[in-house]
Structures are given as structure tokens and as C-alpha cells.
Amino acid sequence: MSIFVANWKMQKTYKDIILWCKENNQELINLFSAEKSDKFIICPSFESIATVRELIDNQIAVGAQDCSEFQLGAHTGQVSVLSLKEIGCNYCIIGHSETRNFINNNSVIAKKALLLLNSNIVPIICIGESQEDKLNNKTFDVLIDELNSIISVIIKNNIFNKDIFIAYEPFWAIGSGIVPDIDILLRIVTFIKNYITKFFPKIGVKVLYGGSVNEKNITSFKIIKNLDGFLLGSSSLDFQLFKKIVLLNK
Ligand code: PGA
């Protein structure tokens with residue numbers, strides 16, 4: 001079974017999104033009905049989440065692309081996890097590199113993770129190194145820092161029975177057409193899983209990979225047995241391309 005998270009970023013307008021949902025709902029049900037075992041989580045932009053939830057079959061999950069680090073209050077332009085839950089979001093991406101371009105602060109991301117876990121929304125926490133970190137052999141240092149801030153919030157708040165998703169998304173792979181060498185990715189995925197489960201054997205950790213996944217490279221990930229799925233950006237926008245990727249992964 002694989003998990004596919006579609007991160008639509010700001011690539012579609014509200015009307016484009018409605019059209020996509022109406023045109024593809026039936027084929028999505030065929031592709032992801034319970035017995036097919038793959039899981040699909042659509043993450044549209046904020047204004048479209050409630051509409052997508054209404055238009056798309058319940059076997060497909062809906063997520064947000066970010067949330068506020070605060071629960072409620074005077075925070076202009078922010079979106080509360082409480083609202084996300086009310087409109088049917090069960091997942092939320094946090095720490096995406098495109099949001100880290102504005103604030104790259106692991107403790108803010110940990111605060112968001114805590115709010116999400118307390119609201120029973122599964123956080124999809126993006127971690128990954130920049131090109132510079134990679135060149136300086138700092139990949140594992142960066143990943144450990146990012147994981148430690150999440151781990152400490154979980155320990156402090158005694159949250160030991162919830163699911164979390166970690167998406168390994170090296171900055172340099174996003175939108176570039178370049179993916180990591182498979183043997184390095186295998187090491188990183190195994191490292192992330194072991195690192196978290198060592199602390200929390202009862203937490204359901206799923207590890208995803210994101211960054212330039214497409215129809216040409218999807219089959220190369222098959223040898224990474226402990227990879228639970230993918231976070232797709234541009235390859236998730238066109239339904240027929242996305243469907244091809246899901247089928248090639250089977
Ligand atoms: P990409 O984006 O698939 O277009 O590289 C992935 C992401 O940003 O999550």
C-alpha cells in the first residue's frame with residue numbers, strides 16, 4: 001500500500017479545483033476505493049478545502065498545506081487548526097520548504113504539530129536539507145535537528161498514540177527534476193523511521209518522499225520497502241498523469 005499526498009500549492013484557482021473534482025471523482029473512487037489499498041490525500045489551497053470535501057468521495061482524504069502556530073486570536077491572515085478540523089481536514093502539511101523560505105523555525109513547526117495532534121489532524125511534517133547542507137555533508141545533522149524538535153514536543157505533551165507522517169523533501173529536489181540516489185534515499189528513509197520509532201514504538205510513523213516524483217522515476221522507488229508513500233507537487237495536477245503514476249507504483 002502507498003500513500004499519495006497531492007500538494008497543489010497555489011497552482012489552481014478555486015474554479016479549476018471545482019472542475020478537477022467534478023471531472024475526476026468517479027475515477028478517483030475506482031483508483032482508491034478501500035479494497036485497492038492505496039490512500040490519497042488531496043491538499044488544495046485553503047479557500048477550496050471545504051468545497052473539495054463536499055465534492056470528493058469520503059474514501060479520499062483532504063488536507064491543508066499549512067496552519068497557524070496559534071489556536072485562535074489576533075493573527076491576521078492565519079488559519080486555525082480548529083477551523084481546518086471543522087471543514088473536514090484530517091491531514092495538514094507543515095514545514096514545507098516553500099513555507100520555510102519565510103520562517104524556517106523548527107520550534108514553530110513543532111508548535112503547529114502539537115496543535116494538529118491535539119485536534120486529531122495528522123501532521124505531514126516536511127524535513128530535508130538545502131543544496132548547501134548537502135554539499136557540506138550536513139544532511140543528517142539537519143534531519144536530526146528537525147526530528148528532535150518534533151520528538152521533544154511529543155515527549156513533553158505525552159502524545160504517544162497518534163499517527164504522524166514525515167515527508168523527506170530535500171529542498172534541491174523540489175520542482176527541479178532531480179531526485180536523490182536511491183541508495184542514499186533508502187538510508188535516509190530507514191534512518192528517519194528508526195530514529196522516531198526508537199523513541200516512540202507506539203506512534204504510527206509513516207515516511208514519505210517528495211521532490212520531482214514523476215511517471216519516469218516512480219518505479220525506481222519500489223526497492224525502498226519501508227517507504228510508505230509520496231508527496232507529489234506538479235505531477236498531481238493533471239489527473240491522467242497522476243493516475244499513471246499511481247498505477248505504475250502498483
Ligand atoms: P514537486 O513538488 O513534486 O513539484 O517537486 C513536491 C513538493 O513540493 O511537495
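Each ligand, and each atom within it, is numbered from 1 in the order the structure gives.
A parallel orientation is assigned to the rings of F40 and F32, their planes being inclined by less than 30° (bins at 30° and 60°).
For D133 (side chain) and S130 (main-chain N/O), a donor-acceptor pair under 3.5 Å exists by modelled atom type. A donor-acceptor pair under 3.5 Å is formed between the side chain of W20 and the backbone N or O of L237.
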Exercise. Take F191 and Y168 through the test ring pair (Phe, Tyr, Trp, His ring centres under 6.0 Å) and record every step on the way to the result.
Key: CA-CA 11 Å; F191 167 77; Y168 172 59; over 10 Å; no
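Looking at residues two or more places apart in sequence or on another chain, you find no salt bridge (Lys or Arg N to Asp or Glu O under 4.0 Å) involving K206.
Between E146 and R100 a salt bridge is recorded (basic side-chain N to carboxylate O distance below 4.0 Å).
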What does the contact table look like for ligand 1 (nitrogen or oxygen on each side, cut-off under 3.5 Å)?
unit_1   : atom_1 : unit_2 : atom_2 : d
ligand 1 : 2 (O)  : K9     : NZ     : 3.4
ligand 1 : 3 (O)  : G233   : N      : 2.9
ligand 1 : 4 (O)  : S234   : N      : 3.0
ligand 1 : 4 (O)  : S234   : OG     : 3.2
ligand 1 : 5 (O)  : G175   : N      : 2.7
ligand 1 : 5 (O)  : S212   : N      : 2.8
ligand 1 : 8 (O)  : K9     : NZ     : 2.7
ligand 1 : 8 (O)  : H96    : NE2    : 2.7
ligand 1 : 9 (O)  : H96    : NE2    : 3.2
ligand 1 : 9 (O)  : E169   : OE1    : 3.2
ligand 1 : 9 (O)  : E169   : OE2    : 2.7

